[in-house]
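Treat the numbers as computed from the prediction; the structure is a model and nothing was measured. Here is the naming used below: chain letters follow the sequence lines, and residue numbers restart at 1 for every chain.
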Amino acid sequence: MTRMDERYNFRESERKWQTCWTETAAFSAEEGSDKPKCYVLEMFPYPSGRIHMGHVRNYTLGDVIARFRRAQGFNVLHPMGWDAFGLPAENAAIQNGVHPAKWTRENIQTMKAQFQSLGLSIDWSREVATCEPDYYRHEQKMFLDFLKAGLAYRKTSMVNWDPIEHTVLANEQVIDGCGWRSGAPVERRELAQWFLKITEYADDLLSALDGLEDWPERVRIMQHNWIGRSEGARVWFDLVGRDDKLEVFTTRPDTLFGAAFCAISMNHPLAKTLAEKDPALRNFISACNAAGTSEAAIETAEKMGYPTPLKVRHPFDPTWGLPVYIANFVLMDYGTGAIFGCPAHDQRDMDFARKYGLPVKAVVAPANADVAAFSTQLEAGAEAFTGDGVAIHSDFMNGQGVAQAKRTAIARLESRGRGRGTVQFRLRDWGVSRQRYWGCPIPVIHCPHCGAVPVPDADLPVTLPEDVTFDLPGNPLERHPTWKHVDCPRCGKPALRETDTFDTFFESSWYFARFCDPKNTEAAFDRAAVDYWLPADQYIGGIEHAVLHLLYSRFFTRALKTCGYLGLSEPFKGLFTQGMVCHETYRASSGAWLCPAGVEKRADGAIEIAGGAPVTLGRSEKMSKSKKNTVDPSHIIETYGADAARLFMLSDSPPDRDLEWTDAGIDGAWRYIQRLWRLAAQPSVPFAEFADLAGVALAGSAKETVAMTHRTIAAVTEDLSKLRFNTAVAKLRELSNQLAAVKAGDEGAATAYRFGLDALVRLIAPMTPHIAEEIWHALGNAAPLVASDWPKADPAWLVVDTVTLAVQVNGKLRGTLDVPLGAEAKAVESLAMALPAVQTHLAGRTPKKVIVVPNKIVNIVG
RNA sequence: GCCCGCUUGAUGGAAUUGGUAGACAUAACGGACUUAAAAUCCGUAGCUCGGUAACGGGCGUGCCGGUUCGACUCCGGCAGCGGGCACCA
């Protein structure tokens, strides 16, 4: 073998192998391969500037899987791209005067180089950036197809409007009722927006969650709650003295006989009509709007009602009239924007009734309750009864349980033409319009004569103009001198382009499909390519996308299926949500956050390195710029190497839990890398040329090493398949410890050592690929390790011939017993009874019972 | 308020899913090597009581209770921490 240096030079080695992998295109996905496929995908990054530790963790996890599967003989697709549209690019443009395109492309270059320095097994030939027209042109086409299929539509709705920035804000960008950047109180405004009809698939998106067995339960529950299916009824109340009806949604049609009032949203069409002629009502509405939309404001906001002159007739008794209120707690965008109130069986309705002096009538009582006494108590109190029970004071429903009464009420409503059973979802259609420059233009032209006209296919893509300015607030596309002025494709008269762009979640809803065929200019992707590669076998990313991105992608895949783009509904077969990377926080006495690099920890506390002022240690939190508790990955890679950084990411915590970044941890990983090198460069035993065990007699530590090597191969293979990287690392360290303990004098030591070392290097390669290649090469292998197969455990070596049994007396461990595998219970029992410790603890008693679990344990009950 | 997690040595965590709790690390301590330090190597270590010692006893997986020959693991109740949703009719 080649001579090995005493110390491992990671800088030289990492650069060398990265170049080798690139030059040999070692990670290209094969076209037309007959190997089984494996699509490994991490959520693609937003090119914000530089990579952070969260990226390192995310892409390391995916890379281990990709390398492991490749070694196992899969045709692996492991691509990378850039979620390149978004607000930060525009903010940079406003603050620093740099064009969003330039800023984004430069960030991509920087981050790509950083990812490459991590040694990720990415097929870079498939790289895509969503801000390029050759990407977004396809989603413009998709949108037009959605439009044709009735899956996209335009609607006027209430939005969060920032009066300083002149733009709509997403709900996530409204903090305590104010714009996240301007700080100005957000206004509710009505605006015409484009929507995607995600509700069309609500039932399927919900029921298909059960089939996503390789998704975390947590994510499925979150999506389940987000979709929020509830069964109930729409009920039509006739308006007294008018021809129209008030439509109400309820989940409790069984309590209709307890109705005391109806309430409608202040945005309900009826309320608007009334407000036109009623200044007091207008005051009421603006007072409610001013109350704010933050959670805290909602929490404390009083339930307020405004009595209208309207009255409605009860659906089961036309002589029974109910008042109609306009109430601040009724939402226009859930159900029908109108409710009926049953104070006795809904706490909020009860509060409302008490405040406005409305009647309370009990219509459900617990089974076996004294109906008269229960009713009297309930109707006098302030607490609603929402539990299960039977209908009372409810005419034809009396005596029925809640579930049965609901069915009876719905049947009656339907037969009388006063309502129908229905399913209501909490999920709302996805508003995709953004008054932003740095996004994909919505391919529509507004014509004063023809309305909203789709841009003809031949005119796609609609590209963003580059000559825009950011010196004024608002959308630069809106004030661009020429861009929006076009002729109507239908009538040819002057018309205006849509100046809104798509929400950035649009791009990320289909990029996984583009990776299957990224260079296609004719179509978004070739059908055969997505049929082969999709679904992604393993998708990895942060839990923060549990609902938004992951739900949008599931919807998009269904919509694309409806439009004939592909043939499947679920894009991600397996999902893994990794934990955050955390770090201790530090604060100066002034309260200012301090960087870890500027703080020195001592036995008696921490101080600022510059100046020596005392520092307050805070709890460990997710690394963030605002708390300054970040560690720069590039600095770590330069100091310790990519392999050490990768190993630390994998070794300390299970991947789904938060990882605490510590200096000691990265030091430990670095030391292990060096130790691994010494196992090859300065072995305790001069090892053999080949790891060929045929005909080699083994004894003592040599035999144990071979046995442990086989056990480790089996265990690590199992651990990696189940993403248990931390325990895989622990087992590899145990094998390292075993190699260091091989005794030169034991028979077969040289071969056993070489055998163990070979396996160790191959098993650790997915985690620390550079040093693995370096050792592999130094051991005399001509072909690179990335082209080598995954080791296989010999089942014969996994069978043990003796086992150590625990011997308990009354459930307490009193000794152990080495017996042959499968030893007979009777024999084991007498051996156990013969143990001195057992006799001591029995203290002369005769055992009542002896439990022998073969190959595991003996418990003597005395 | 509703839903979901989590709680094991000084620390991160392991435990073949009901069968020897604390693997593997980190920090610590003791020793070897060294003029010294770093690096490296060897060793100790859950807590506690008894003993000079070898060793032996008791207690121990957030708390209380249950099932079982046997519980970190299953069941019931409680607490603490974290997360998601929230005027959803």
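The phosphate of B:C87 has neither OP1 nor OP2 within less than 4.0 Å of any side-chain N or O from A:K303. Between A:R426 and B:A86 there is a side-chain N or O to OP1 or OP2 distance below 4.0 Å. Between B:G1 and A:R348, no contact under 4.0 Å exists linking OP1 or OP2 to a side-chain N or O. Look at A:R220 and you won't find any side-chain N or O under 4.0 angstrom from OP1 or OP2 of B:G5. Note on A:R218: every side-chain N or O is 4.0 Å or more away from OP1 and OP2 of B:C3. Contact check, A:R428 against B:C88: no side-chain N or O comes under 4.0 Å of OP1 or OP2. In terms of phosphate contacts, A:K812 brings no side-chain nitrogen or oxygen within less than 4.0 Å of OP1 or OP2 of B:G57. A sub-4.0 Å separation between OP1 or OP2 of B:A27 and a side-chain N or O of A:R671 is present.
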CA sep, side-chain torsions, deciding dist, call: A:M708, A:L735, side-chain contact (heavy atoms from CB on, under 4.5 Å): CA-CA 7 Å; A:M708 187 192 262; A:L735 181 58; 4.1 Å; yes
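For the pair A:D719 CG and B:U16 P, the interatomic distance rounds to 11 Å; values are reported in whole Å. In this structure, CZ of A:F352 is placed 12 Å from C1' of B:C87, rounded to the nearest angstrom.
A salt bridge does not link A:R220 to A:D210: none of the charged nitrogens lies less than 4.0 Å from a carboxylate oxygen.
Residue A:N737 is classed as a sugar-phosphate contact, given heavy-atom separations below 4.0 Å to backbone atoms only. Within the nucleic acid shown, A:V330 comes within 4.0 Å of at least one base atom, counting heavy atoms only. Across all strands, A:N726 comes closer than 4.0 Å only to sugar-phosphate atoms, never to a base (heavy-atom distances). Counting non-hydrogen atoms under 4.0 angstrom, A:S651 reaches nothing in the nucleic acid. In this structure, A:H841 reaches the sugar-phosphate backbone alone: every heavy-atom distance under 4.0 Å involves primed, P, OP1 or OP2 atoms, never a base. If you check every strand for non-hydrogen atoms under 4.0 Å, A:T816 touches a base. Using a 4.0 Å heavy-atom distance criterion, A:V861 is classed as a sugar-phosphate-only contact. Nucleic acid contact class of A:K731 (heavy atoms, under 4.0 Å, all strands): none. Across all strands, A:E660 comes closer than 4.0 Å to no nucleic acid atom at all (heavy-atom distances). At the heavy-atom level, A:I221 lies under 4.0 Å from the strands shown only through sugar-phosphate atoms.
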Watson-Crick and G-U pairing of RNA chain B written in dot-bracket, each distance under 3.5 angstrom, with | for inter-strand partners: (((((((..(((......[....))).(((((.......))))).(((((....)))))..(((((..]....))))))))))))....
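For A:R733, whose side chain is taken as the heavy atoms from C-beta onward, the closest listed nucleotide among B:A25, B:G58, B:U20 is B:A25.
Taking atom P on both B:C29 and B:A37, the two are 14 Å apart, rounded to the nearest angstrom. Only the P atoms considered, B:A39 is 39 Å distant from B:G50, to the nearest whole Å. B:C64 and B:A79 have their C1' atoms separated by 10 Å, with the value rounded to a whole Å. B:U8 sits 22 Å from B:C4 when the P atoms are compared, rounded to a whole Å. Atom name P, nucleotides B:C85 and B:G46: the rounded distance is 44 Å, in whole Å. A gap of 14 Å separates the P atoms of B:A32 and B:A38, to the nearest Å. Comparing the P positions of B:G30 and B:G19 gives an interatomic distance of 40 Å, to the nearest angstrom. A distance of about 39 Å separates the C1' atoms of B:G76 and B:U26, rounded to the whole Å.
Ring geometry, A:Y586 versus A:H583: the interplanar angle exceeds 60°, so the pair is classed perpendicular (tilted spans 30 to 60°).
In B:G9 the base sits syn relative to the sugar, since the glycosidic angle is no further than 90° from 0. For B:U8, the base is anti relative to its sugar; the glycosidic angle deviates from 0 by more than 90°.
Here A:W661 and A:F648 bring their ring centres to under 6.0 angstrom of each other. Between A:F352 and A:F261, the gap from one ring centroid to the other is short of 6.0 Å.
Residue pairs satisfying the salt bridge (Lys or Arg N to Asp or Glu O under 4.0 Å) criterion with at least one member in residues 800-826 of chain A, sequence neighbours excluded, are absent.
Between the side chains of A:N629 and A:T585, not a single donor N or O lies within less than 3.5 Å of an accepting N or O.
Considering every non-hydrogen atom in both A:L739 and A:S684, the closest pair reads O-OG, 3.6 Å.
Geometrically, A:R426 engages A:W226 in a cation-pi contact defined by less than 6.0 Å to the ring centre and at most 45° from the axis.
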